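Working notes for the structure below.
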Amino acid sequence: MSEPVEKERSLNFLEQIIEEDLRNGKHGGRVATRFPPEPNGYLHIGHAKSICLNSGLAKKYGGTFFLRFDDTNPSKEETEYVDSIVNDVKWLSGDSLENRIFFASDYFGRMYDWALELIKKGKAYVCDLSGEQVRETRGTPTVPGTPSPNRNRSVEENLDLFERMRQGEFPEGSRTLRAKIDMGSPNFNMRDPVMYRIVKAAHHRTGDKWCVYPMYDWAHGLEDSIEKITHSICTLEFEHHRPLYDWFLDQLDDIFRPRQYEFARLGLTYTVMSKRKLLELVKGRFVNGWDDPRMPTIAGLRRRGYTSESIRAFCRTIGVAKFNSTIDLLMLENAIREDLNKRALRRMGVLHPLKVVIENYPEGQTEELEAINNPENEADGTRLVPFSKTLYIEQDDFREDAPKKYFRLAPGKEVRLRYAYYITCTDFKKDADGNVIEVRCTYDPATRGGSSPDGRKVQGTIHWVSVEHALDAEVREYDRLFTKPNPDDPSDPTDFKAYLNPDSLRVLTGCKLEPSLKDAKPEDRFQFERLGYFCLDPGSTPEKPVFNRTVSLRDSWAKEEKK
RNA sequence: UGGGGAAUUGUGUAAAGGCAGCACGAAUGGCUCUGAACCAUUUAGUCGGGGUUCGAAUCCCUGUUCCCCAGCCA
C-alpha cells in the first residue's frame, strides 16, 4: 500500500491567492470579502455563486464577510430590492449579517471629499460635454479619443464648478466630473472616465440630499477601501476595469489598498440569468412574480423547496475559475436530490388517483400500518398510516396490457402495497371512453406489513392512500422554464421568450395525500414515495393545501420504456 | 484590423516540470418493501504545430478558437 501522496492541495485559484497572501503576511493575515449587489432586482442563482464564494472564503480563512449595497444610481434602485436581497443573502449564507450590512450611499460624503482631493491634485476636471459629445470624442479601439475642451481648467474653476454641480445649479446631464488619465489608452476605461454625473432623482436612502452621484469605477474601490476589504472579488467583465480601480486608489494618500480579482460568472443550461430578462418575465406575467418556483431567483428556488445547504453544495461542486462555462442543470438537481434524500420525510401521496377496491377486505374496517419516516435517518422514526377497503393508487401503476418488464399492477399480477399487503388484480372497470376507472383486487391477509411468510417475492411495490382518510390537495409540478438549452444565446436573433416551456407548470388538483400531511409546515421537506420531493407552498391554507414539487425522483423505468 | 482574458473526457473542475485525478452525466452489473437511494465496474480528455527537457497540461515560440470592452449602468 502506497501512502497517499501529498496531494491535498485542491485549492481554487482564489484560495491559492489568499494562502499566498497569508504566507506573505499581507494585511496582517486578515481576510475580508464582500458581496456588493446593486439593489435593482432580485438575486438569482448566479449571485448565489458569488455569495457562496465570498462568504465561504471569509469563513474558511477566519475572515469577515460583508453585504454591501452598491446603490450609486438612484434611478434604478428600490427599497423592495434591498429587503429581498438582505433576506436572500441571510438565508443562503446562513449568516445573520449582524452589523455587517453596508450601503455605498453612506459613503457619499467621503467619496465627495476624495474627489476634491483629486481635483486639487489636477487629476480630475469638470467637463461640459454632453453625453453624446463624450461618446463622439471617445474614439474607437484603434483611434484615440480627443481631449475634452475643458480638460485643462484650473483647479479653482474645477473646484467651483464641482461644488455648484453638487448644489444642484446645473441641469441633469449638463456636466460631469472626469478623471484626467489618458485619452489615447487602448483601454476605454482609462480615456478620462466619468466620476460623477448629475442625477436629479430621489435616492431610496439619501432622498434628495445629493444630485451628483459617483460612477461605479470611482465608487467601488473606495467602498472596498473604506471597509478594508482585502480581496475584492467580481466577475470577469470587470477585468479591464481593474487598471482604473487601481489608478483611483493610487491617486489618494493614506488609504487602505484592496485588490480586485475576477472569476467567471455562472452559466446554467435552460436558464435565463439576466436581470433585465427576468424582470421582463415578471412584468409580462409569464411567471407569477420574482419568487415563482420556476424562476432561477434565490426566492424562487427557496419557494420551490430548495434548501440553502443544497445551493451551497452546488456552488462548491461547480468550482470557480476564469473560464466562461455553462453548467448542466442536472448538477443543481443532483445537489438538491442528494440533500433531500438525507432529510426529507417519506410520505405517500397519489397525484393521479385511480380507485382500487380490495374485494376480500371487510367492509368498513380500518387498520393502521406502521411506515418508516425516513430510511436514511432512523431517528425520524415511524408513523401509522390508515388502510381500508377502498384505496387510491397512481394511474401509472396499473396497466391493462403490461409490457414485459413492467412490474406493477396488471390483470392477474400481484404487487405489494408499501407497508401494507400484497394484492392481486382480479378485474377492472372502464368508462365509456375506455379509461380505466376502477381496479378490483384481492389481498393476502398473511402479508400484513408488506412481507410474505412463505417468502414469495413480488417485483413491484406501489404507494397508496386510503380513500376515506385521504387529504385532498393541489400539487404543482414544475419543469424547466425554457425548452432551449441556452435561451440566452446572443447569436440567436429570436426573442428568448420564444423558448418558454408551455409545460413548465402543471397544476394537479384532486391529489390524494396521506392524512398526516395535513400538519405539514412550509419548512418541512417530503419525499412522496416513488414520485419526488415536495414541500408545502408558503401561500397555501389548511382548507386548500398546495404542495410544490421541488424535483422528481430519478425514474429509470421511464428511460427503459422510451427504448 | 486596438486592448484585456480564456482553452484539460459529454458537462464542469484539479494536477505550481514527475502516475492526467474528482464530481455530474452515460453504460453495465449488484442490492432493494421507493424501478429511488446505495454499492461495484466501465466509458471518455490536455485546442493545433514546432521547440527546451531524462521527463511538458504545466516552460518557450507559433497558429487557432471563444469571451469581454467604445453607458453620464453596475
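To find a chain, count down the sequence lines: A is the first, B the second, and so on, and within it residues start at 1. Just the heavy atoms: all of them, side chains too, but no hydrogens, waters or symmetry mates, feed the values below. It should be emphasised that the depicted structure is a prediction, and the values quoted were computed from it without experimental measurement.
- Both distances falling under 3.5 Å, in either a Watson-Crick or a G-U wobble arrangement, occur for no nucleotide opposite B:rG71.
- Regarding contacts with the backbone of B:rA36, every side-chain N or O of A:R337 stays at 4.0 angstrom or more from both OP1 and OP2.
- Atom CG in A:L43 sits roughly 17 Å away from atom P in B:rA74 (whole-Å rounding).
- The side-chain heavy atoms of A:L340 and A:Q527, taken from C-beta on, include no pair separated by under 4.5 Å.
- Side-chain proximity of A:S325 to the nucleotides B:rG2, B:rG12, B:rA74 is greatest for B:rG12.
- When the P atom of B:rA23 is taken as reference, atom CE of A:M331 falls 11 Å away, rounded to whole Å.
- Straight-line distance from the CG atom of A:N187 to the P atom of B:rG3: 12 Å, rounded to whole Å.
- Listed pair A:R265 / B:rA6 fails the phosphate criterion, with no side-chain N or O lying under 4.0 Å from OP1 or OP2.
- The nearest heavy atom of RNA chain B to A:Y406 and to A:K322 marks one nucleotide each, and the one closer to the 5' end goes with A:K322.
- For the OP1/OP2 pair of B:rG25 and a distance below 4.0 Å, the side-chain nitrogens and oxygens of A:R554 include at least one atom meeting the criterion.
- For the pair A:T72 and B:rA74, the criterion of a side-chain N or O lying under 4.0 Å from OP1 or OP2 is met.
- Judged by Watson-Crick or G-U wobble contacts below 3.5 Å, the nucleotide B:rA7 has B:rU64 as its partner.
- Remark: A:Q16 is in phosphate contact with B:rA15, judged by side-chain N or O atoms under 4.0 Å from OP1 or OP2.
- Using Watson-Crick or G-U wobble geometry with both donor-acceptor distances under 3.5 Å, B:rA57 finds no partner in any strand shown.
- Close to B:rA27, at under 4.0 Å from its OP1 or OP2, lies a side-chain N or O of A:K559.
- Among the protein residues, A:V320 comes within range of the sugar-phosphate backbone only, with heavy atoms under 4.0 Å from sugar or phosphate atoms but none that close to a base.
- When both distances must be under 3.5 Å, the Watson-Crick or G-U wobble mate of B:rC22 is B:rG12.
- A:H220 comes within 4.0 angstrom of no nucleic acid atom, judged by non-hydrogen atoms across all strands.
- Distances shorter than 4.0 Å separate none of the side-chain N or O atoms of A:T317 from OP1 or OP2 on B:rU13.
- Distance NZ (A:K342) to C1' (B:rC38): 14 Å, rounded to an integer number of Å.
- A:R135 has a side-chain polar atom (N or O) that falls below the 4.0 Å cut-off from OP1 or OP2 of B:rG71.
- Between A:F407 and B:rG35, a base-stacking contact is recorded: ring centres under 5.5 Å apart, planes less than 30° from parallel.
- Atom CZ of A:R346 and atom C1' of B:rU34 are 8 Å apart (whole Å).
- Here A:S185 does not reach the OP1 or OP2 of B:rG3: none of its side-chain N or O atoms lies under 4.0 Å away.
- Aromatic pair A:F387/A:W464: ring centres closer than 6.0 Å.
- Between the side chains of A:E80 and A:Y42, at least one donor N or O sits under 3.5 Å from an acceptor N or O.
- Separating the CZ atom of A:R191 from the C1' atom of B:rG2 is a distance of 8 Å, rounded to the nearest angstrom.
- Listed here is the closest heavy atom pair of A:S174 and A:I198: OG-CD1, 3.9 Å.
- Taking the six-membered ring for Trp and thresholds of 30 and 60 degrees, A:Y213 and A:F108 have ring planes more than 60 degrees apart, a perpendicular arrangement.
- What separates CG of A:N12 from P of B:rA14 is a distance of 7 Å, to the nearest Å.
- Among B:rG4, B:rC73, B:rA37, the nucleotide with an atom closest to any side-chain atom of A:N341 is B:rA37.
- Distance check on atom P: B:rU58 versus B:rA6 gives 15 Å, rounded to whole Å.
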(Q) I'd like to know whether A:Y245 forms a ring pair (Phe, Tyr, Trp, His ring centres under 6.0 Å) with A:H241, so could you lay out the CA-CA distance, the side-chain angles of the two residues, the decisive distance to 0.1 Å, and finally the verdict. (A) CA-CA 6 Å; A:Y245 181 99; A:H241 290 245; over 10 Å; no
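- Pair check for B:rU41 finds B:rA27; Watson-Crick or G-U wobble, both atom distances under 3.5 Å.
- A distance of about 24 Å separates the C1' atoms of B:rU9 and B:rG5, rounded to the whole Å.
- The base-pairing partner of B:rU34, taking Watson-Crick or G-U wobble contacts with both distances under 3.5 Å, does not exist among the strands shown.
- Below 30°, between 30° and 60°, or above 60°: for A:F69 and A:F103 the angle between ring planes is below 30°, a parallel geometry.
- Comparing the P positions of B:rA56 and B:rG50 gives a spacing of 14 Å, expressed to the nearest Å.
- Nucleotides B:rU46 and B:rA7, compared at atom P, are 16 Å apart to the nearest Å.
- Look at CD1 on A:I198: it is 14 Å from P on B:rC72, rounded to the nearest Å.
- Taking the six-membered ring wherever Trp is involved, the centroid distance between the rings of A:F526 and A:F534 does not fall below 6.0 Å.
- The side chain of A:R138 places an N or O atom within less than 4.0 Å of a non-bridging phosphate oxygen (OP1 or OP2) of B:rG71.
- Note on A:R347: every side-chain N or O is 4.0 Å or more away from OP1 and OP2 of B:rU34.
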